[in-house]
Amino acid sequence: MRRSSCSSSTLFFAVTLLTLSVVVSSQLTANFYSTTCPNLLQIVRREVQRAIMTEMRMAASLLRLHFHDCFVNGCDASILLDGSDGEKFAAPNLNSARGFEVIDSIKSAVESQCSGVVSCADILALVARDSVLLSGGISWRVPLGRRDGLVANQTGANVALPAPFDALNTIIAKFAAVGLNSTDVVSLSGGHTIGQARCATFSNRLFNFSNGAPDSTLESSMLADLQNLCPQNSDGNKTTAFDRNSTDLFDNHYFQNLINNKGLLSSDQILYSSNESNSTTRSLVESYSTNQKLFFSDFANSMIKMGNISPLTGSSGEIRRNCRAINT
Ligand code: HEM
Ligand SMILES: *[C@@H]1O[C@H](CO)[C@@H](O)[C@H](O)[C@H]1NC(C)=O
Ligand SMILES: *[C@@H]1O[C@H](CO)[C@@H](O)[C@H](O)[C@H]1NC(C)=O
Ligand SMILES: *[C@@H]1O[C@H](CO)[C@@H](O)[C@H](O)[C@H]1NC(C)=O
Ligand SMILES: *[C@@H]1O[C@H](CO)[C@@H](O)[C@H](O)[C@H]1NC(C)=O
Ligand SMILES: *[C@@H]1O[C@H](CO)[C@@H](O)[C@H](O)[C@H]1NC(C)=O
Ligand SMILES: *[C@@H]1O[C@H](CO)[C@@H](O)[C@H](O)[C@H]1NC(C)=O
Ligand SMILES: *[C@@H]1O[C@H](CO)[C@@H](O)[C@H](O)[C@H]1NC(C)=O
């Protein structure tokens with residue numbers, strides 16, 4: 001009896017040590033692949049450059065993929081899994097998320113030099129950084145060592161991802177649910193300085209937003225433009241730029257636009273216009289609108305925080321061979 005309780009406490013001690021060492025090794029590090037795939041960063045940079053030369057908007061689409069990956073079951077490339085129960089069919093992604101073919105070709109380029117070593121989740125994180133940098137934005141060292149998940153979570157994507165119709169408190173709560181605060185909400189929303197949105201995501205503001213009138217926090221000439229682009233009862237698939245001033249340039253115009261009531265989505269404009277929350281969002285919008293350096297450094301910090309959401313490390317998950325399917 002005594003012996004067995006002694007050995008079980010020894011076992012407990014050993015398991016505790018093992019767990020600790022797993023926790024320690026689970027930290028992501030920028031040099032994770034420096035010996036196993038020394039050219040990784042150059043390969044990804046070159047492939048993102050190639051994709052952007054074909055279509056500049058792709059930088060925005062690729063940045064968004066990392067965000068939509070990380071908010072659902074952590075940054076585990078779950079968004080890339082094909083299949084009818086996949087996240088691609090969740091409301092925030094359907095007819096919207098794009099860039100999957102580009103990720104496929106980057107993965108192939110990486111596999112051809114370092115087979116079976118680099119996760120799809122890490123590729124998404126590097127691609128997001130390069131998309132921002134190659135659009136004129138800031139760079140940062142990307143922590144690496146994530147592994148790929150074994151399941152997609154369509155319900156999770158519907159629940160966890162913020163919607164353009166959400167109230168500010170709801171958006172802040174969805175960020176808080178993954179460990180991000182209201183500073184992260186504002187800095188990361190600055191990702192909307194590049195890319196486009198479909199009429200379906202903002203047409204609720206244009207005609208009968210409240211009491212039969214358009215959203216009063218949408219500037220009148222931009223309102224007229226958007227009403228023209230997205231007439232009532234029209235197909236919601238037409239797109240327009242978030243930042244009408246410098247569509248493809250990663251800069252702080254997004255925040256200047258908000259101050260001029262030229263935010264595209266309701267979820268953009270409320271960061272500045274909402275009176276529903278005693279959060280820091282309004283004053284941060286003001287700061288970023290006049291201080292691009294501050295926006296860039298906060299954005300980089302927030303991207304690193306977002307990239308750290310529940311990564312799979314150690315022996316959890318796997319290194320997918322094909323980003324669209326788990327290994328068989
Ligand atoms: C704060 C909550 C957010 C909401 C409600 C939101 C919502 C949206 C919506 C509705 C679209 C347009 C989708 C379409 O029409 O198909 C969009 C596009 C985009 N989002 Fe967000 N988003 C949010 C945060 C973020 C974050 C944190 C990032 C990245 C840091 C981001 C990056 C982008 C980019 C780059 C695009 C353009 C994609 C393209 O042109 O293909 N968004 N977002
Ligand atoms: C799916 O995502 C939701 C919301 O993030 C989470 O609560 C749930 O545990 C996830 N389910 C699985 C099976 O991972
Ligand atoms: C959000 O978190 C960052 C650290 O990650 C911190 O510097 C910042 O002050 C926080 N913002 C708020 C509003 O708490
Ligand atoms: C606006 O929408 C509300 C409810 O959604 C409806 O009751 C009202 O009749 C609409 N007003 C106009 C002018 O269409
Ligand atoms: C948008 O286009 C897709 C196909 O690309 C279609 O299935 C969908 O119904 C369209 N949405 C709207 C609102 O027309
Ligand atoms: C466009 O950007 C310039 C700075 O390059 C700024 O002066 C101007 O106010 C911006 N216009 C709008 C509509 O945001
Ligand atoms: C917030 O603004 C709305 C109008 O947009 C107004 O009706 C409401 O009273 C305001 N609430 C507060 C707490 O100031
Ligand atoms: C905002 O203020 C209200 C009272 O005005 C308070 O109940 C709430 O806790 C505050 N929220 C935050 C995030 O500080």
Side-chain angles (χ1 to χ4, degrees), residues 45 48-68 96-99 102 127-140 162 164 183-199 201-203 205-206 215 217-230 238-273 281-303 306:
R45 177 74 51 86
V48 173
Q49 176 87 66
R50 192 202 304 273
I52 289 174
M53 276 165 56
T54 306
E55 187 203 10
M56 193 60 215
R57 180 187 174 194
M58 191 51 72
S61 306
L62 294 172
L63 169 60
R64 187 169 184 240
L65 282 184
H66 182 46
F67 159 49
H68 280 206
S96 179
R98 57 201 295 281
V102 172
V127 160
R129 187 273 309 274
D130 287 346
S131 294
V132 170
L133 176 64
L134 294 171
S135 301
I138 192 181
S139 187
W140 61 93
T183 306
D184 302 313
V185 169
V186 181
S187 65
L188 292 174
S189 291
H192 290 173
T193 182
I194 54 175
Q196 301 184 16
R198 290 166 303 144
C199 291
T201 65
F202 57 81
S203 57
R205 306 181 68 197
L206 304 181
D215 188 337
T217 64
L218 180 53
E219 187 273 337
S220 58
S221 70
M222 181 162 160
L223 171 65
D225 279 357
L226 295 178
Q227 286 174 329
N228 202 39
L229 179 77
C230 318
K238 275 193 212 150
T239 67
T240 190
F242 273 106
D243 178 0
R244 306 161 79 77
N245 199 350
S246 54
T247 299
D248 297 322
L249 189 61
F250 197 98
D251 58 16
N252 68 340
H253 289 165
Y254 170 80
F255 299 102
Q256 297 174 1
N257 293 340
L258 297 187
I259 283 172
N260 293 314
N261 283 349
K262 289 181 174 176
L264 184 56
L265 308 178
S266 168
S267 54
D268 294 319
Q269 193 59 48
I270 53 172
L271 298 176
Y272 182 71
S273 304
T281 64
R282 183 185 177 106
S283 64
L284 261 181
V285 169
E286 285 167 344
S287 302
Y288 294 155
S289 75
T290 57
N291 189 344
Q292 180 163 284
K293 266 202 180 122
L294 179 67
F295 164 48
F296 278 10
S297 75
D298 282 4
F299 184 82
N301 284 334
S302 297
M303 285 295 289
M306 186 176 83

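Atom set for the values below is all heavy atoms of this structure, side chains included, hydrogens, waters and symmetry mates excluded.
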Results of salt bridge (Lys or Arg N to Asp or Glu O under 4.0 Å) for Glu219 - residues two or more places apart only: none
Within-4.5 Å side-chain heavy-atom neighbours: Met56 and Ile194: no
Arg282 side chain vs Tyr272 backbone, donor-acceptor pair below 3.5 Å: yes
Test item: Ser289 side-chain N/O and Asn252 main-chain N/O as donor-acceptor pair under 3.5 Å: no
By ring-ring contact (aromatic ring centres under 6.0 Å, His included) - contacts of His192 (at least two apart): Phe242
No-hydrogen, no-angle side-chain donor-acceptor test under 3.5 Å, Gln269 and Asn261: yes
Heavy-atom side-chain contact between His66 and Arg129 under 4.5 Å: no
Set of residues satisfying side-chain contact (heavy atoms from CB on, under 4.5 Å) with respect to Asn291, sequence neighbours excluded: Lys293, Leu294
Asp243 and Asp251, any side-chain heavy atoms less than 4.5 Å apart: yes
Check: Asn245/Asn257 side-chain N/O donor and acceptor closer than 3.5 Å: no
For Arg205, all residues meeting salt bridge (Lys or Arg N to Asp or Glu O under 4.0 Å), sequence neighbours excluded: Asp215
Student check: side-chain heavy atoms of Phe295 and Tyr254 closer than 4.5 Å: no
Residue pairs fulfilling salt bridge (charged side-chain N to carboxylate O under 4.0 Å, His left out) with at least one residue in residues 53-62, sequence neighbours excluded: Glu55-Arg98
For Asp184, all residues meeting salt bridge (Lys or Arg N to Asp or Glu O under 4.0 Å), sequence neighbours excluded: Lys305
